[in-house]
Structure formats: structure tokens, C-alpha cells
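In what follows, every heavy atom counts, from backbone to side chain, and hydrogens, waters and symmetry copies are set aside. Remember, it's a predicted structure, so these values are computed and weren't measured experimentally.
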Amino acid sequence: MNENTDIIIVEQLTKKFGNFTAVDHISFRVHRGEIFGFLGANGAGKTTAMKILCGLSLPTSGGGTVNGYDLCREQEKIKRHIGYMSQKFSLYADLKVWENIRLFGGIYGLSGKRIRQKSDEMLRYLNMTDLRDELVGDLPLGWKQKLAFSIALIHEPAIVFLDEPTGGVDPETRRLFWDLICETAEAGTTIFVTTHYMDEAEYCDRVSIMVDGVIADLDTPAALKQRHQAADMDAVFRKLAYQAKRE
Amino acid sequence: MGAIEVDEVSKRYGTCQALERVSLDIRAGEIYGLIGPDGAGKTSLFRILVTLLLPDSGHARVEGLDVVKDFMAIRRRIGYMPGRFSLYQDLTVAENLDFFATMFGTTVADNYENIREIYSQIEPFRDRRAGKLSGGMKQKLALCCALVHRPTVLFLDEPTTGVDAVSRKEFWNMLYRIREAGVTILVSTPYMDEASLCDRISLIQQGHIIETGTPAAIVAQYPHRLFGVSGHPAYPLLKYLRRRNDLLRCFSFGSEHHVAVAPGTIAPDELQTQIRAAGFSDATVHEIEPNIEDCFMELAKKERQKA
């Protein structure tokens with residue numbers, strides 16, 4: 001195992017619910033600094049696997065590390081050292097922009113001084129300084145998402161998990177959000193992202209595709225397209241996902 | 001007479017103008033797509049058309065019936081699948097279907113032929129509670145419940161949101177078979193690639209219809225030349241393209257960047273030479289057809305400039 005080059009190391013990870021095996025002996029690694037796409041059909045086991053990687057659920061067997069912390073024994077340390085953002089839950093709509101930053105900064109144990117510093121930095125970077133006293137609920141969706149993403153990074157985690165971050169967003173905002181992802185990756189943060197937009201899979205350095213609880217394939221988009229003789233990632237995904245047997 | 005006619009409908013919630021003078025004319029037997037991001041007003045318009053919400057102003061008719069005055073008659077002849085899963089989670093598959101049939105004064109047996117093709121796929125799970133179904137099966141059950149009383153107009157509010165690419169393809173194939181039976185279908189989606197699957201579409205943004213037509217006609221009206229540019233590394237290439245001031249717009253579309261260029265300014269091979277000289281030695285540039293997302297971004301920008 002090399003924790004210097006691989007931020008996620010997973011070996012034979014398995015999760016069973018009763019006699020249903022949601023995640024079935026998967027093994028893979030995520031390199032430090034890459035954008036890693038985690039794809040799969042509905043019900044393929046993506047969410048279950050992601051919950052384990054975020055320290056929210058224990059595997060039935062197998063294991064691994066995230067940023068050097070053990071998936072079975074160091075869940076609290078994992079939670080502290082990762083960032084997480086999903087489309088469904090992001091920020092508190094009835095708190096102001098600065099209050100949301102203050103809240104999440106506090107949750108991650110940053111000092112008051114550090115939070116003020118990060119807050120100024122963040123709002124300047126997002127061009128949102130004038131909006132610090134607005135209620136988050138009143139912001140357009142695109143701004144909300146950019147803010148949620150930046151807040152997920154407030155404690156400067158080495159890796160951030162993004163669960164369908166661009167669902168339902170207009171085409172331009174969706175692309176501007178990916179600019180932000182690429183900038184963040186360039187600055188050295190590892191990105192672990194799920195999406196239903198297959199064009200977004202092309203922006204990842206490597207992509208894994210889960211089918212029926214196992215990783216059906218994992219490689220760069222270019223290598224996947226070549227191996228499956230597909231014009232784009234949508235065709236790769238469909239070829240693999242059609243093999244699914246379970247409902 | 002159109003199957004669904006919307007005439008200058010507006011709706012406001014407090015200070016939020018959800019719909020502003022929206023007009024649509026949807027023909028009998030077509031699949032009509034309402035395409036736009038979250039918060040564009042799609043659900044408000046659906047709720048007005050299925051008689052669950054009153055418009056502030058304007059008129060709308062479904063098969064000639066007024067959505068305000070004739071609401072009971074409309075309810076009997078339409079099927080509605082709301083965006084959020086709205087079946088009873090603690091009833092079984094068969095109980096949900098029975099319930100909806102009974103609500104419309106009919107039985108599943110009388111209408112079995114109408115739903116057979118879709119229902120047969122979930123019938124093996126007829127005794128499972130709806131809350132325990134997978135996403136794809138929930139969607140099929142919801143569609144069966146919306147079809148069980150043989151509606152002539154079907155309203156599907158974001159039926160494919162959060163559904164994977166394979167299940168989305170299957171769902172659209174089901175819609176084509178429903179259309180063959182003569183049913184008018186109004187469907188909303190935030191996925192722009194689904195626009196090309198509709199007979200006609202309206203693009204909606206912030207309560208305004210920004211364009212209406214067949215997908216092909218909307219694409220044909222795109223005002224610029226469009227080049228597909230690929231090369232490595234992709235993100236620095238995008239930033240390089242944006243720094244140039246002779247290109248109108250640059251956005252990523254999967255493995256390619258789409259670059260809008262004013263006609264007569266620069267040719268693809270010229271741009272390719274310059275990009276390669278700037279250090280992207282494997283870059284290629286070729287002219288491409290715009291897709292609905294290109295058009296949506298262009299029209300949304302024009303709309304913003306108007307405002």
C-alpha cells in the first residue's frame with residue numbers, strides 16, 4: 001500500500017443488507033490530486049460504497065483507507081478530513097451567507113479568526129463579497145452550489161466527495177461549476193464525483209463504472225472508449241450498464 | 001383546437017415571478033417537451049394545467065376545457081406524474097394501482113391492456129411495498145398509476161430526474177408507445193439531451209419561454225459558426241481559448257470544447273494552427289452542428305441581456 005500516492009485504497013470492500021450484497025468485493029485506488037468519476041446505474045451500489053468511504057457506514061467485510069485513515073476503525077477521523085457536498089443537502093436556506101460559513105467552519109473546529117479569514121478569502125474568490133448578508137435561500141441555484149462547494153472545502157480537506165453536484169442546473173452554470181472543480185483539482189485537492197451527465201465523465205482523469213455491486217471497469221475516459229469501441233462515455237456507460245441483471 | 005393551450009399565464013409567489021406571460025400551443029398526440037433548469041417555472045406551469053394551482057392572470061385550456069372553470073372535468077381525463085415520487089410508500093404495488101383505478105371509478109382489470117406493457121415488468125413484485133422498490137421500478141409504477149384510467153393527456157413532471165442513462169432510454173421508449181395510442185404528452189426535463197426526443201419543445205428560463213419549435217428548427221436558428229476543439233491538457237486549453245478575444249464563447253462538451261465564432265472571422269484550420277503554436281501540439285479543430293445545450297446557452301444569454 002502506498003498512502004503517499006493513493007488517497008483512497010480499497011480492498012475487497014463488501015456491504016451486505018440481509019442476503020442482498022449491495023457492494024460485492026470491490027477493490028480500487030484513487031490517486032492523490034486526480035478527478036475520479038464514480039459512475040453506476042441506479043441501484044448499482046454507488047451510494048452504499050460512497051457512504052463507507054465517507055465514514056458513515058461500516059463495511060461487512062474488506063476495508064481500506066481514506067487519506068491514511070482506516071475505514072473500519074477511524075470513521076471520525078475520516079469525517080474530519082474529507083469534504084462532502086451533495087445536490088440534495090448543501091446549506092441552510094434560512095441562514096445568511098456568512099452565517100452558513102460560520103456554522104460549517106465551527107463544525108470543522110476552525111478558530112473564529114480563521115473562519116473570518118477563510119470567509120473573506122472565499123467570498124472574494126467567488127465574487128460574492130456583496131452577498132454576504134443575503135439569505136442563502138434567496139440566491140440563484142448556481143451561486144448556492146458554488147458556495148456549497150467552497151464551504152465543503154473550508155477545512156482544506158485533501159479530498160472532497162461530490163454527490164451529483166450538478167443535477168438540475170442550467171447548462172452554463174453546470175459548466176462554470178466544472179471550471180471550479182478543475183481549478184480545485186489543479187490546486188491539489190482530490191475530487192471524487194458522481195454524476196448522471198455522461199459528458200461530465202469526460203472531464204475526469206479516471207472513471208469507474210459500477211454494475212450490480214462490482215466495478216465493471218475503471219480507466220481513463222480515452223482508454224474506456226477504446227476498450228469498449230464507443231464514441232463517447234454515454235455509449236461506454238450503456239454498454240456496461242446493460243449487463244446489469246439485478247433490479 | 002390544440003390539446004393544451006396556454007395563453008399569457010403568469011404566476012407570482014411573493015416577490016418571485018415564477019411564470020411571466022407564458023403561452024404554449026400543444027397539439028393532440030404529440031410529445032411536447034418543457035426544457036429548463038430547476039427553478040425555471042416548469043412545475044408551476046404543470047400545477048396550473050392539472051388544476052392544482054390558480055394562475056394570477058391569463059388562461060389555459062386542456063382539450064378545450066378551462067383549467068379554472070372546468071377543473072373537475074379536466075381531472076377526470078388527464079394523467080399526472082408529479083416530480084416527487086407521490087405514491088403510497090406503505091401500500092404494495094398492486095394496492096397502489098387499485099387505489100388509483102378506484103379513485104377514477106374504474107378497475108385495473110378493465111384497463112389492463114392499457115398498462116400491460118409497462119405493468120408486466122413490475123408485476124412480479126406486485127406484493128412489494130412501493131417504498132421498497134428501486135428507482136426504476138418506482139418510476140414504472142408511477143407511470144402505470146397515471147395511465148390506469150386511460151387519460152387522453154399525460155403530464156409528466158421531470159420523470160427522469162436522477163435516473164441513470166440506461167433507465168432514461170427505456171422510459172422514453174415507453175413514452176413513444178403511449179404516444180402511438182394517441183395520448184398527448186407534456187413532459188418536463190432538465191436534461192437537454194432529451195429535447196431531441198420530443199416532437200416539439202419550449203425552452204424555459206426564469207419564468208419565460210425563450211424559444212419554441214421542433215428541436216431541428218431551434219438548432220437551425222443558431223446564429224454563429226461552431227467549432228469542436230479538442231486537445232490536451234483539456235482545461236488549460238479551455239482557459240487559453242477564453243483568453244483569446246476573437247472567439248465569442250467557449251464551453252466544454254465532454255471530450256470537446258465548443259467554440260462559437262462570428263461567421264467570416266476565422267477558419268477551423270487557421271484556429272488549429274494557432275492553437276498548436278500556443279503549445280497544444282495535438283489540438284484539432286473542426287466545424288460542428290450545435291446541439292440544444294448550445295442553443296439554450298445562447299438564448300439564455302440573449303434573454304439576460306434583454307433583462
Item to complete: Indicate the atoms forming the closest heavy-atom contact of B/P37 with A/V169, along with that distance.
Response: CB-C, 3.9 Å
Response to the item:
Taken in chain and number order and not counting sequence neighbours, the residues that satisfy side-chain hydrogen bond (donor to acceptor under 3.5 Å, both in side chains) with A/E186 are B/K239
Discussion item. Counting neighbours of CD on B/E117 that are heavy atoms of other residues, nucleotides or ligands and sit closer than 6.0 Å, is the number greater than 12?
Written reply: no
Discussion item. Around atom NE2 of A/H31, are there more than 12 heavy atoms from other residues, nucleotides or ligands closer than 6.0 Å?
Written reply: yes
Worksheet, complete the sentence: Closest heavy-atom pair, A/Y203 versus B/S252, reported as atoms and distance to 0.1 Å, is OH-O, 2.9 Å
Worksheet item: So do B/L238 and A/D179 actually touch side chain to side chain, heavy atoms under 4.5 Å?
Response: yes
Discussion item. Both conditions, 6.0 Å and 45 degrees, for the charged tip of A/R175 above the ring of B/F253: are they met here?
Written reply: yes
Worksheet item: Going from CG on A/D234 to CG on B/D193, what distance comes out if it is rounded to the nearest 0.5 angstrom?
Response: 7.5 Å
Worksheet item: So with a 6.0 Å cut-off around CZ of B/R129, is the heavy-atom count from everything else above 12?
Response: no
Worksheet item: About how many Å separate CE of B/M297 and CG of A/D170, when rounded to the nearest 0.5 Å?
Response: 8.5 Å
Discussion item. Counting only heavy atoms not in A/R227 (residues, nucleotides, ligands), do more than 12 fall under 6.0 Å from its CZ?
Written reply: yes
Fill in: Side chains of B/R304 and A/E172 in contact at under 4.5 Å (non-hydrogen atoms)
yes
Worksheet item: Above 12 or not: heavy atoms from other molecules or residues under 6.0 Å from NZ of A/K225?
Response: yes
Worksheet item: With a 4.5 angstrom heavy-atom cut-off, which part of B/L133 approaches chain A: side chain, backbone, both or neither?
Response: neither
Item to complete: Could you look at A/D232 and say if it's the side chain, the backbone, both or neither that has a heavy atom under 4.5 Å from chain B?
Response: neither
Item to complete: Measure from the ring center of A/Y197 to the ring center of B/Y191 and say whether it is less than 6.0 Å.
Response: yes
Worksheet item: Looking at A/H196 and B/R168, what are the two nearest heavy atoms and their distance?
Response: O-NH1, 3.9 Å
Fill in: chain A contact via B/Y235 - which portion, at a heavy-atom distance below 4.5 Å
side chain
Item to complete: Any chance you could lay out the side-chain contact (heavy atoms from CB on, under 4.5 Å) test for B/M192 and A/R174, step after step, and finish with the verdict?
Response: CA-CA 12 Å; B/M192 301 279 156; A/R174 188 157 79 77; over 6 Å; no
Worksheet item: Does A/E183 CD have over 12 foreign heavy atoms under 6.0 Å away?
Response: yes
Worksheet item: Got a second to check how far A/T173's OG1 is from B/D38's CG, nearest 0.5 Å?
Response: 10.5 Å
Discussion item. Take a 6.0 Å sphere around CD of B/Q305 and say whether it holds more than 12 heavy atoms from other residues, nucleotides or ligands.
Written reply: yes
Practice prompt. Inspect the surroundings of CD in B/E158 and state if more than 12 heavy atoms from other residues, nucleotides or ligands are less than 6.0 Å away.
Written response: yes
Worksheet item: Which bit of B/S255 comes within less than 4.5 Å of chain A, counting heavy atoms only: side chain, backbone, both or neither?
Response: both
Response to the item:
Among A/A185, A/P171, A/A241, the residue with the most heavy-atom pairs under 4.5 Å to chain B is A/P171
Worksheet, complete the sentence: Between the OG1 atom in B/T15 and the CG atom in A/D138, the distance rounded to the nearest 0.5 Å is 7.0 Å
